[in-house]
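The next block holds one structure in the form of structure tokens; read it before the comments.
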Amino acid sequence: MLPFFRRSPEIDLFPLGDEHLGLAADLHRKRFSHAWSAGELRKLLGQAPVFGHIARHVNRIVSPPAAGFVLARSVEEEAEILTICVGPDYARNGVGWRLMVAAMQEARMRGAAYMLLEVDAQNQAAIGLYRKLGFFEVGRRKAYYAHDDGTRSTALVMRRDLG
């Protein structure tokens, strides 16, 4: 398809609730080799400082799959992205950006002064997004992420002030 005919999908964000956890777990399984189950997501979301948002494709006749979701935690002045996941069909369409902005806004409303996240040093697309959002590297965790092939990669710890 020619680039000028390509149209971004219509996506709406909703607070992540129990009714979305099956969709979120399915998406997480598609994107991560060590994915969280719906039960694990439910257990996290049941904690008072944890919140999330889900992105869903609107104007679909059938029940739309999740385009992406974010799960975060905010305790006093510190917020942390626990996971963010965007479906392969929705990558590079602004879904990750919108999910991150929603998480940062909610964390700020909850009183957080800054947000942290960890990202695989090999995930250049995510690192690029985070840098565009104002995150900067504050540390590294060597051999943090385990991969299916037995290798391990470094996690970058990134921070952004929310003030």
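Just so it is clear, the values below take in all heavy atoms, side chains as well, and ignore hydrogens, waters and symmetry mates. Numbers here simply count residues along the sequence, with the first being 1.
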Legend entry - Full working for side chain to side chain contact (heavy atoms under 4.5 Å, CB included) between Y130 and L156: CA-CA 11 Å; Y130 302 145; L156 303 183; over 6 Å; no
Inset, instruction - For side chain to side chain contact (heavy atoms under 4.5 Å, CB included), just list the numbers for M158 and R131, CA-CA rounded to whole Å, side-chain angles, deciding distance to a tenth of an Å, and then say yes or no. - result: CA-CA 9 Å; M158 301 182 82; R131 286 190 175 139; 3.9 Å; yes
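The main-chain N or O of V86 is found under 3.5 Å from a side-chain atom of R31 such that the two form a donor-acceptor pair. Looking only at distances, no side-chain donor or acceptor of E106 sits under 3.5 Å from a matching main-chain atom of A103. The closest donor-acceptor contact from the side chain of D161 to the backbone of G163 lies at 3.5 Å or more, if one exists at all. Panel note: side chain E77, backbone S74; no donor-acceptor pair is recorded below 3.5 Å.
Remark: M109 CE to M104 CE distance equals 13.5 Å, nearest 0.5 Å. Rounding to the nearest 0.5 Å places NE2 of H147 at 4.5 Å from CG of D120. Here the CD-CZ distance, from E19 to F14, works out to 10.0 Å after rounding to the nearest 0.5 Å. C85 contributes atom SG, which lies 11.5 Å from atom CG of L71 (distance to the nearest 0.5 angstrom). To the nearest 0.5 Å, the span separating CG on L117 from CD1 on I84 amounts to 9.0 Å. In this structure, K43 NZ and E40 CD are separated by 8.5 Å, a value rounded to the nearest 0.5 Å.
The residue from R159, E80, E78 that alone fulfils the side chain to side chain donor-acceptor pair (under 3.5 Å) condition with Y114 is E78.
The shortest non-hydrogen separation linking A55 to V95 is CB-CG1, 3.8 Å. Taking both residues in full, the closest heavy atoms of L44 and V50 are given as O-CB, 3.2 Å, listed atom of the first, atom of the second, then distance.
The closest side-chain heavy-atom distance from R140 to V157 is not below 4.5 Å. Side-chain contact between P15 and F51 is absent, with no heavy atoms from C-beta onward closer than 4.5 Å. Contact of the I54 side chain with the L13 side chain is not registered, since no non-hydrogen atoms from C-beta on lie closer than 4.5 Å. Side chains of L116 and R160 form no contact here, defined as non-hydrogen atoms less than 4.5 Å apart. Side-chain contact between L23 and F69 is absent, with no heavy-atom pair separated by less than 4.5 Å. Contact of the F135 side chain with the M100 side chain is registered, since non-hydrogen atoms from C-beta on lie closer than 4.5 Å. Here the side chains of H53 and L99 are in contact, with some heavy-atom distance below 4.5 Å.
A continuous path of hydrophobic side-chain contacts links L133 to Y90 [ILVMFWY only; heavy atoms under 4.5 Å]. No chain of hydrophobic side-chain contacts below 4.5 Å, direct or via other Ile, Leu, Val, Met, Phe, Trp or Tyr residues, connects I81 to V138. Note: the hydrophobic cluster containing Y144 does not contain V119 (ILVMFWY, side chain heavy atoms under 4.5 Å, direct or indirect links).
Atom CD of Q47 is surrounded by more than 12 heavy atoms from other residues, nucleotides or ligands within 6.0 Å.
Taking the six-membered ring for Trp and the full ring otherwise, the centers of H34 and Y145 sit at least 6.0 Å from each other.
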